[in-house]
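To start, the structure itself, in structure tokens.
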Amino acid sequence: MAGLIFVTGAPRSGTGLLADRMAAGPGRRCIPQPVPLVLSGLKQAFLTRRAAPGQPTAYPLSDQQFATYTSPDEFTSYLEKAIPTREDWTRWLDSMDGYSGQYTRPATPLSGVEAMLGQPPLEAFSRYLIANYKTPGAVKSIVWKETFAEEFVPGLLAAGHHCLIIVRDPRDSIASQFAGRGEQFVGGPRPLLFVCRQWRKSALFALAMSGTPGFHTVRFESLARNPVSTLCDGLPPEIAPDADEIGAADGTPRNSSFSDTSVGSTQTIGRHKTHLSAKTNAFIEAICAAEMSALGYETSLTPGERKITIERGFQDAENGRAELSHYLWNESRRDEELSRLNAIQRPDCGFLPKAFLFERAYDRLRTAGNTR
């Protein structure tokens with residue numbers, strides 16, 4: 001499975017920009033979102049096998065917190081041992097027919113299935129991508145990009161691949177979903193708590209995987225301000241892109257929520273201040289502040305103000321997805337978030353797997369200025 005660089009992160013965090021820049025150089029090809037519903041189908045099969053309740057299976061690539069919790073280790077073990085059938089692969093690939101979230105589609109969608117048979121999922125994915133996109137003498141390295149797919153990172157790392165998670169100030173990431181042309185890229189409105197927890201998922205995996213061979217966290221802000229230093233100087237030589245090609249990269253807007261913004265422009269930094277209300281920004285910070293601090297983002301709310309903001313809650317004006325109604329704010333969601341806040345702030349509390357996924361990530365949160 002040589003030559004695979006996997007890029008993932010929360011929606012509107014810069015996954016496309018990072019993948020595009022990582023493919024700068026001879027012999028590299030960026031393959032954005034070739035198998036999103038295959039990943040979802042595979043996670044669904046795992047959840048079904050575990051007899052998971054209905055909420056997680058309604059959106060398989062979930063935030064993995066509270067009601068949607070699944071053990072990252074259990075899923076990685078499943079990826080290493082499961083052998084999907086021809087019918088499984090065919091069904092999952094066929095499910096993307098006409099799906100707008102599949103950005104890259106081979107001329108013959110079922111091409112490469114034969115190479116997948118009899119293989120565990122991660123080896124099968126690599127063989128599928130190589131069969132469809134790796135050209136001898138031309139494409140030597142594939143940069144594979146998906147969103148919502150952080151749970152695949154531990155398994156890919158264990159298999160010897162390089163994985164990058166891009167993180168962005170959650171307020172800007174969410175502004176890019178809720179304002180401008182954001183709905184064009186992410187679909188109908190999603191509850192604010194859902195997108196906050198999806199961002200936290202990225203942050204928790206980034207904190208937990210830090211220091212693992214082959215893993216790298218990239219901050220969108222650093223990438224936008226100085227892509228050459230961030231990628232060419234900050235990553236190992238074997239995966240660092242070509243500095244000259246990055247310097248000459250086309251800055252024409254492609255999938256920006258704000259059409260006046262060039263690719264990677266620093267104008268995208270801090271946009272939440274003008275595109276989100278003060279109440280929305282405060283709620284996002286209250287929910288995400290611990291991870292924000294651990295990743296180096298500035299926060300303004302005191303620990304006490306975070307608690308008050310969570311107690312007040314947030315009522316979404318619109319939810320365009322019935323399958324995400326679980327995330328609409330109520331007393332249960334409030335109690336979950338308060339229990340999580342207490343586990344971070346109070347010295348007499350301990351690790352809650354359903355709230356933090358990884359004990360290592362939890363320890364990072366506790367030591368990042370979040371404990372009272």
Side-chain angles (χ1 to χ4, degrees), residues 8-15 55-56 59 61-72 75 147-154 165-178 186 190-210 217-220 272 276 280-299 301 303 306-307 309-310 313-314 324 326-327 329 332-345 351-370:
T8 192
R12 315 308 294 159
S13 289
T15 54
Q55 181 54 40
Y59 211 100
L61 300 181
S62 68
D63 56 85
Q64 297 189 205
Q65 295 153 61
F66 298 105
T68 66
Y69 172 74
T70 55
S71 163
F75 184 59
T147 56
F148 292 121
E150 293 87 350
E151 54 259 64
F152 291 85
V153 166
I165 288 179
I166 186 166
V167 294
R168 183 183 186 183
D169 186 317
R171 296 162 297 191
D172 283 341
S173 175
I174 291 170
S176 187
Q177 296 182 55
F178 285 12
V186 299
R190 294 167 168 147
L192 182 57
L193 181 62
F194 170 80
V195 293
C196 285
R197 287 184 175 179
Q198 286 288 356
W199 182 89
R200 283 196 323 213
K201 172 187 172 184
S202 275
L204 290 169
F205 271 87
L207 293 170
M209 296 296 106
S210 177
T217 299
V218 175
R219 287 193 5 156
F220 172 85
H272 66 274
L276 295 180
T280 301
N281 278 318
F283 182 82
I284 295 169
E285 183 179 328
I287 295 293
C288 301
E291 284 81 2
M292 290 174 67
S293 295
L295 291 168
Y297 290 104
E298 292 186 3
T299 59
L301 298 179
R306 296 178 196 175
K307 182 178 180 181
T309 301
I310 291 173
F314 184 91
L324 298 180
H326 167 81
Y327 292 91
W329 194 257
S332 295
R333 303 294 81 75
R334 179 201 64 194
D335 292 346
E336 289 169 353
E337 292 301 325
L338 288 175
S339 71
R340 190 179 195 273
L341 184 67
N342 285 334
I344 294 170
Q345 293 184 346
F351 171 60
L352 303 173
K354 290 186 176 183
F356 304 103
L357 305 184
F358 302 94
E359 191 162 7
R360 185 165 185 248
Y362 173 67
D363 291 341
R364 292 280 302 275
L365 299 181
R366 297 267 291 178
T367 58
N370 292 302

- Contacts of type salt bridge (Lys or Arg N to Asp or Glu O under 4.0 Å), residue Arg200, not counting sequence neighbours: Glu337

- Item | Contacts of type ring pair (Phe, Tyr, Trp, His ring centres under 6.0 Å), residue Phe283, not counting sequence neighbours |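 Phe314, Trp329.
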
- Can you sort out the partners of Phe152 under ring pair (Phe, Tyr, Trp, His ring centres under 6.0 Å), two or more places apart, ordered by chain and number?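 Partners of Phe152 under the ring pair (Phe, Tyr, Trp, His ring centres under 6.0 Å) test: Phe75.
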
Within the 4.5 Å heavy-atom criterion, are [X] and [Y] side-chain neighbours or not?
| X | Y | value |
| --- | --- | --- |
| Thr15 | Phe148 | no |
| Leu352 | Arg340 | no |
| Pro72 | Glu151 | no |
| Asp169 | Phe220 | no |
| Gln345 | Lys307 | no |

Please name all residues satisfying side chain to side chain donor-acceptor pair (under 3.5 Å) with [X], sequence neighbours left out, ordered by chain then number.
| X | answer |
| --- | --- |
| Asp172 | His272 |
| Thr217 | none |
| Arg219 | none |

- Query: Among pairs that include at least one residue of residues 280-290, which meet salt bridge (Lys or Arg N to Asp or Glu O under 4.0 Å), considering only residues two or more places apart or in two chains?
  - Reply: Arg171-Glu285

- Item | Minimum-distance pair of heavy atoms, taken over all atoms of Leu324 and Pro191 |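 Here Leu324 and Pro191 meet closest at O-CG, 3.5 Å.
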
For the [atom1] atom of [X] and the [atom2] atom of [Y], what is their distance to the nearest 0.5 Å?
| X | Y | atom1 | atom2 | answer |
| --- | --- | --- | --- | --- |
| Phe194 | Trp199 | CZ | CH2 | 15.5 Å |
| Arg366 | Asp363 | CZ | CG | 8.5 Å |
| Asn281 | Leu276 | CG | CG | 5.0 Å |

Would you please name every residue forming a side chain to side chain contact (heavy atoms under 4.5 Å, CB included) with [X], sequence neighbours left out?
| X | answer |
| --- | --- |
| Thr8 | Phe6, Ala149, Glu150, Val153, Ile165 |
| Pro154 | Thr76, Phe205, Met209 |
| Ser210 | Arg360, Arg364 |
| Ala361 | Leu204, Leu207, Ala208, Phe358 |

- Item | Audit row: Glu336, Arg197, salt bridge (charged side-chain N to carboxylate O under 4.0 Å, His left out) steps and yes/no | CA-CA 12 Å; Glu336 289 169 353; Arg197 287 184 175 179; 2.8 Å; yes

- Message: Quiz question: by atom type and distance under 3.5 Å, do the side chains of Arg168 and Tyr297 form a donor-acceptor pair?
- Response: no

